[in-house]
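The structure under discussion appears below in the form of structure tokens.
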Amino acid sequence: MRMYTKVLFTKKEGGALPQLVAAETENMQSRYVVQKILEFREMGIPLEEIAVLFRSSFHSFDLELELAKANIPFRKYGGFKFIETAHVKDVVAYLRVLENSRDVVSWNRILLLLDGVGPRTAEKVVNDILENRVSLSKEFQEPITTTTKFWMGYNKYPSTIRQLFEMLCTTMVQFRTPAEKVFNIIQYYEPLLKDKYDDFMKRRKDLEIFQNIAERYETIGELLTDITLEPPTNSIVDIESPGHEREFLTLSTVHSAKGLEWRVVFIIYALDGRFPALRAAIREEEMEEERRLMYVACTRAKEHLIITYPMNVYDRDTGVILTKPSRFLEGIDSSLLEPWVVT
Amino acid sequence: MKKYVLQSQKTTPLRLVKPEHFRIDYRRELNEAQYEAVTSTEGPHLIIAGAGTGKTRTIVYRVAYLVECGVKPDTILLLTFTRKAAQEMLRKASLLLDRRCEHVSGGTFHSFANSILRRYAKLVGYETNYTILDQTDAEDVVNLLRTKLKYDAKEKRFPRKETLYDLYSRSVNTLVPLPQLLLNEYPQFLELEEDIQKLYQVYVHYKRQHNLMDYDDLLFNCATLLREHDDVRRVLEERFRYVMVDEYQDTNRIQAEIIKLLSQAHRNIMVVGDDAQCIYSFRGSTIHNILTFPNEYPDCKIIKLEENFRSTQPILNLANAILNRNDILKHSSE
């Protein structure tokens, strides 16, 4: 089955060459995009005329944090915002109770994830915590044995609750950096994730991203602050409130960007293994659809098209390090696509 | 009872209004390819509209053109991907010409199917006052039955209602059998295949029993109606003399069948789309429809819109290269 050949042309003269920009890491990619967006704004292009497109929703998570830091308001289409996804919220809830053992909302969230724990049991535990019958922070100062002894009086709770407390204790006492702590939490959380979501494979990817983000932080507190993006100058509510006539940048999956156009378009994560997604035995028709997706993404741009990819991404599913640009772009002449490197 | 079948009226080519009396100067406002598409009224047409080539504009002008030619607005059927798209196009056509364009029948495949089934549902085994289940409703029904069959109490965890509904819907739309879908998407549930199939049968039965249709049923029953009831089909063919379909590359196989049946007699069918932008196969759309349109309608006229009004040439060059490398690769592997 052949496609219909067609050659798009325009009567408009001139225009900048599209760029293919390699960044060493995911975070450098994000920082590059942020900096370029600010440059385009300086040039007089409003945020409304700029979009960042990606193959899968999770590809923009790191960028979302950098945008928040730079106070660039954005709206995201297609998929959820990173922090709003249930599984990321779960992991964040564990971190929150480590930071603040009286965070009832987070306690409720992680308790209700457990087998045999319903709203009533959760409430009982939360009350015990609030009335200092269980004080995590105090327990952590003391040897584990004390903790064990402590639990002997609480046998009426399901064993899953005990395991949760034990996990939180070890995370607090035995692991020092945020990255290590997050790693330990995810280890514990994965079976729950698997049990709770049928599409846990996809969601696990988000947690991987979360792990990568945690690696850049010195303390849990800073990580949580950045991730919740709650400072008064830039609250999520502000960005999201409907009818608010504020200038904003568009983040979108390629699917949701169909039919739309912007003066400036970034395509991030144009990394082979992410766009197209790397999957064993992917069928040829699927690969062709991925190619069309890249075509749709490129044809959204009116004046500037900047395609970026990080050069060093570990893919946990395959154990492969992804380094190459998307196969749909590789080998395209530099007279059509100008190669750049971020340093 | 003997049947006497009236012959379908041939559409007479439209020459009621002389071009010099048109209110809109089509020649001036459209480029060559757009003009050709807009002024082609009779017979099957495939409009390949590349990205940014003024597809919406072309459809809007064609609606206006047909109306200016004296076609009764409500005999024009415009099917689009979203309701908003249809409303937007008809609003623009009204601004362009006049309020007659508001009476064009426009909407999604689902709303169209619904409007027909509200009249003829009895012929496919439903009451006309059936309830439409949206996705959440449908999931809730699946959940109810899942509990009734005690699948939720099994030792091995049974898929959630969202997963089940997704599986059923995708199987209907893509024609991929359930076991294959399970293997591709949720291999952890393969061993539950039998129960999952059983639940599906129960779900189908339950909907009929309670006069419920989910989104897929609307399309499916509409196609069945047109396929099995010639008399109804003929009435509808008379009613809708000019059929237009937007985003044809994103239609699924049932939708293609519906429009084929619907335009069987007059064959005034214009589909608009871009094979290079078909990106929804996971929802059951199939690039097959647009690629095989000329096989279904060997006498169809293909018009390509290639002048882009959006991007600079360097951006288009890259986009072209991304697609053309596709051609090169295909040749070498053939």
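The basis for the numbers below is simple: all heavy atoms, side chains too, and nothing from hydrogens, waters or symmetry mates.
K6(A) and D274(B) are joined by a salt bridge, as a carboxylate oxygen and a charged side-chain nitrogen come within less than 4.0 angstrom of each other. Here E261(A) pairs with R310(B) in a salt bridge; the nearest charged N to carboxylate O distance falls below 4.0 Å. Salt bridge D199(A)/R160(B): absent, no basic N to carboxylate O contact under 4.0 Å.
For D195(A), the parts lying near chain B are the backbone and the side chain together; criterion is any non-hydrogen pair under 4.5 Å. For K194(A), the part lying under 4.5 angstrom from a heavy atom of chain B is the backbone only. Contact of I48(B) with chain A is made through the side chain alone, with heavy-atom distances under 4.5 Å. F309(B) touches chain A through its backbone: at least one of N, CA, C or O sits under 4.5 Å from a heavy atom, while the side chain does not. At a 4.5 Å heavy-atom cutoff, the contact between T53(B) and chain A is made by side-chain atoms alone. Of the two parts of L260(A), only the backbone, made up of N, CA, C and O, holds a non-hydrogen atom closer than 4.5 Å to a non-hydrogen atom of chain B. Residue R300(A) touches chain B through both its backbone and its side chain, counting heavy-atom pairs closer than 4.5 Å. In this structure, the portions of I315(B) lying under 4.5 Å from any heavy atom of chain A include both its backbone and its side chain. Only the backbone of A16(A) comes within contact range of chain B, with heavy atoms under 4.5 Å apart.
Among residues two or more places apart in sequence or in another chain, the salt bridge (Lys or Arg N to Asp or Glu O under 4.0 Å) test is passed with K11(A) by E307(B).
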Let me see the working for T10(A) and E306(B) under side-chain contact (heavy atoms from CB on, under 4.5 Å), right down to the final yes or no.
CA-CA 8 Å; T10(A) 177; E306(B) 293 174 299; over 6 Å; no
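Of the residues considered (L8(A), L336(A), V254(A), V265(A)), L8(A) shows the highest number of contacts with chain B, using heavy-atom pairs under 4.5 Å.
Annotation: residues 297-304 of chain B contacts chain A through I302(B), K304(B) [non-hydrogen atoms, separation under 4.5 Å].
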